[in-house]
Engineer: 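I have a structure I would like to understand better, so I am pasting it below and will then ask my questions one at a time.
All figures in this text were calculated on a predicted structure; none of them were measured in a lab.
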Amino acid sequence: MKILVTGGAGYIGSHTCKALALAGHEVRVYDNLSTGFRGLVKWGELTEGDILDTERLGACLRDWRPDGIIHFAAFSQVGESVGNPGKYIRNNVAGTLSILESMHAAGVRNIIVSSTAAVYGIPENCPVTEDMPAAPITPYGETKLFMEWMLADFARAYGLSWTALRYFNAAGADPEGECGECHQPETHLIPRALMAMTEEITDFRIMGDDYPTPDGTCIRDYIHVSDLASAHVLAMERLCRGGDGQGLSLNLGTGNGISVREILTAAAEVTNRRLNYAVGSRRAGDPPVLIADGSRAQKMLCWSAQRSSVETILADAWKWHISGRQNILHA
C-alpha cells in the first residue's frame with residue numbers, strides 16, 4: 001500500500017511510519033513540524049505542509065495517489081484545550097474537514113483516525129466498551145468525537161471507508177531506540193518522571209492524590225506505542241482489502257489499570273534511580289479511572305498488545321530517554 005501519514009513526524013505517527021515500512025508499505029509523511037520533528041521522519045519522504053492548507057494537501061494527494069491516509073495531525077493536550085478551545089476546534093475539527101474534502105476530491109477512500117479515550121468523559125463503569133455513551137468533558141475530547149462524527153457523515157455521503165482508534169494511555173518508545181516521545185513542553189507522566197530522574201526538571205509533581213482509588217492517584221490503561229502502531233497497520237490493511245463493517249470506532253488498551261504511584265514505583269525500580277516528587281492539585285478533565293475493554297479491536301483486527309507490560313514500557317522509554325531523545329530535540 002501507499003499510505004500518507006499526517007502528523008507522521010510526531011510520537012505515535014513516527015512509530016506507525018516505521019511499522020508500515022517494516023510491513024512492506026510505502027510511506028509519505030505530511031506534517032507542518034509545529035510539534036513534530038524532522039529527525040523522526042525516517043521511513044518515508046516528508047511533504048511539509050499544514051492540514052488546514054487544503055490546496056497543498058490536495059495537490060499532495062493528487063500527485064502521490066495514496067491508497068489511504070492515517071491521520072495523527074491533531075492537538076492532544078487536555079489541559080491546554082480547556083484554556084484555548086479555539087486552537088483545538090480549528091486544527092482538530094477544521095483540519096480534519098480539510099483532509100476529508102481533499103480525500104473526496106482526489107478519490108482517496110480509506111482513512112484511519114487517531115481518536116482517544118477522552119471521548120468517554122468520566123465513564124460510569126470500567127473497563128470501557130465502545131457501546132458506552134460518548135460524553136466528553138473537555139474541548140479536546142469533544143473535537144475528537146466530532147472528528148468521528150464527520151467520518152460517519154462522509155461515509156454516508158461518499159462511501160468513505162474509515163476506522164477511528166480510541167487510544168488509552170500511549171507510552172514507551174521504539175525497542176530499537178529509533179524513535180520515541182518528544183514534546184516541548186513535555187506534559188506526560190512517564191517522560192516527565194524520567195526527566196526528573198536525570199535532573200532536567202525540578203518541578204515534577206503528580207496531579208492529585210485524593211481520587212477515589214486505592215492509593216488516591218489516577219488509574220490508567222498504559223499501552224506501548226509500538227502496539228498502537230501495529231494496530232494502525234492492521235486497521236489500514238483491513239480497510240484496503242474491503243473488510244466488513246468499514247465504519248468502526250475501536251478501543252486500544254490492555255484492560256489493565258495502573259495507578260500513577262505504581263508507575264513511579266516501577267520507574268524507580270527499572271532505572272535504579274531515586275525519584276522525588278511533590279503532589280499538586282487535580283488537573284481539569286481527569287477521571288479517576290480509565291481502563292479499556294479492547295476485545296473488539298482484538299477480534300476485528302486480529303491484534304493484541306505484545307509489549308505493554310509496565311516493565312517493558314518503562315525500559316524502552318528509559319533507553320530512548322538516555323540515548324536517542326536529545327539528538328532529536330537538539331537536531
Engineer: Ignoring hydrogens and angles, state whether a donor on the side chain of N276 or R274 is under 3.5 Å from an acceptor on the partner side chain.
Structural biologist: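 Yes.
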
Engineer: Tell me the closest heavy-atom pair linking P85 and G83, and the distance in Å.
Structural biologist: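 Closest pair (atom of P85, atom of G83, distance): CD-C, 3.6 Å.
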
Engineer: Using 30° and 60° as the class limits, which term best fits the ring planes of W318 and H321: parallel, tilted or perpendicular?
Structural biologist: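 Geometry flag for H321 against W318: parallel rings.
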
Engineer: Write out all pairs satisfying salt bridge (charged side-chain N to carboxylate O under 4.0 Å, His left out) with one or both partners inside residues 28-47, taking only residues at least two apart or from two chains.
Structural biologist: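 Those involving residues 28-47 are R28-E45, R38-E48.
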
Engineer: Parallel under 30°, tilted from 30 to 60°, perpendicular over 60°: which one fits the rings of H232 and F72?
Structural biologist: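 Taking F72 first and then H232, their aromatic rings sit tilted (interplane angle of 30° to 60°).
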
Engineer: Between Y30 and R56, does any side-chain donor sit less than 3.5 Å from a side-chain acceptor?
Structural biologist: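 Absent: no donor and acceptor within the cut-off.
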
Engineer: If you look at every heavy atom in C17 and V29, which pair is closest and at what distance?
Structural biologist: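 Nearest heavy atoms, C17 then V29: SG-CG2, 3.7 Å.
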
Engineer: Sequence neighbours excluded, which residues qualify as side-chain contact (heavy atoms from CB on, under 4.5 Å) partners of A106?
Structural biologist: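 Only L61, R62, R65, V108 meet the side-chain contact (heavy atoms from CB on, under 4.5 Å) criterion with A106.
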
Engineer: Where the side chain of S98 meets the backbone of A94, is there a donor-acceptor pair that is under 3.5 Å apart?
Structural biologist: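 No, S98 side chain to A94 backbone: no donor-acceptor pair under 3.5 Å.
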
Engineer: Who are the side-chain hydrogen bond (donor to acceptor under 3.5 Å, both in side chains) partners of E26, not counting sequence neighbours?
Structural biologist: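 Not a single residue meets the side-chain hydrogen bond (donor to acceptor under 3.5 Å, both in side chains) criterion with E26.
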
Engineer: Hey, what do you get for OG (S34) to CG (D50), rounding to the nearest 0.5 Å?
Structural biologist: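 Interatomic distance, S34 OG to D50 CG, rounded to 0.5 Å: 7.0 Å.
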
Engineer: How close do S76 and Y140 get, counting heavy atoms only, and between which atoms?
Structural biologist: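 Smallest heavy-atom distance, with atoms named: CA-CE1, 3.5 Å.
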
Engineer: Counting heavy atoms not belonging to D203, are there more than 12 under 6.0 Å from its CG?
Structural biologist: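 Counting neighbours around CG of D203, more than 12 heavy atoms of other residues, nucleotides or ligands fall under 6.0 Å, so yes.
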
Engineer: Have T96 and H71 got a donor and an acceptor in their side chains that come within less than 3.5 Å?
Structural biologist: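 Distance-only check passes for T96 and H71.
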
Engineer: State whether the side chain of R282 and the backbone N or O of D210 hold a donor-acceptor pair below 3.5 Å, judged by distance alone.
Structural biologist: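 Indeed, once roles are kept as given, a pair shorter than 3.5 Å links the two residues.
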
Engineer: For the OG1 atom of T129 and the CG atom of D293, what is their distance to the nearest 0.5 Å?
Structural biologist: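 Answer rounded to 0.5 Å: 6.0 Å.
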
Engineer: Strictly by modelled atom types, are E148 and S115 linked by a side-chain donor-acceptor pair under 3.5 Å?
Structural biologist: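 Yes.
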
Engineer: Specify the closest pair of heavy atoms between T217 and V260, including all atoms of both residues, with the distance to one decimal.
Structural biologist: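 Answer, listing the atom of T217 first, then V260: OG1-N, 3.3 Å.
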
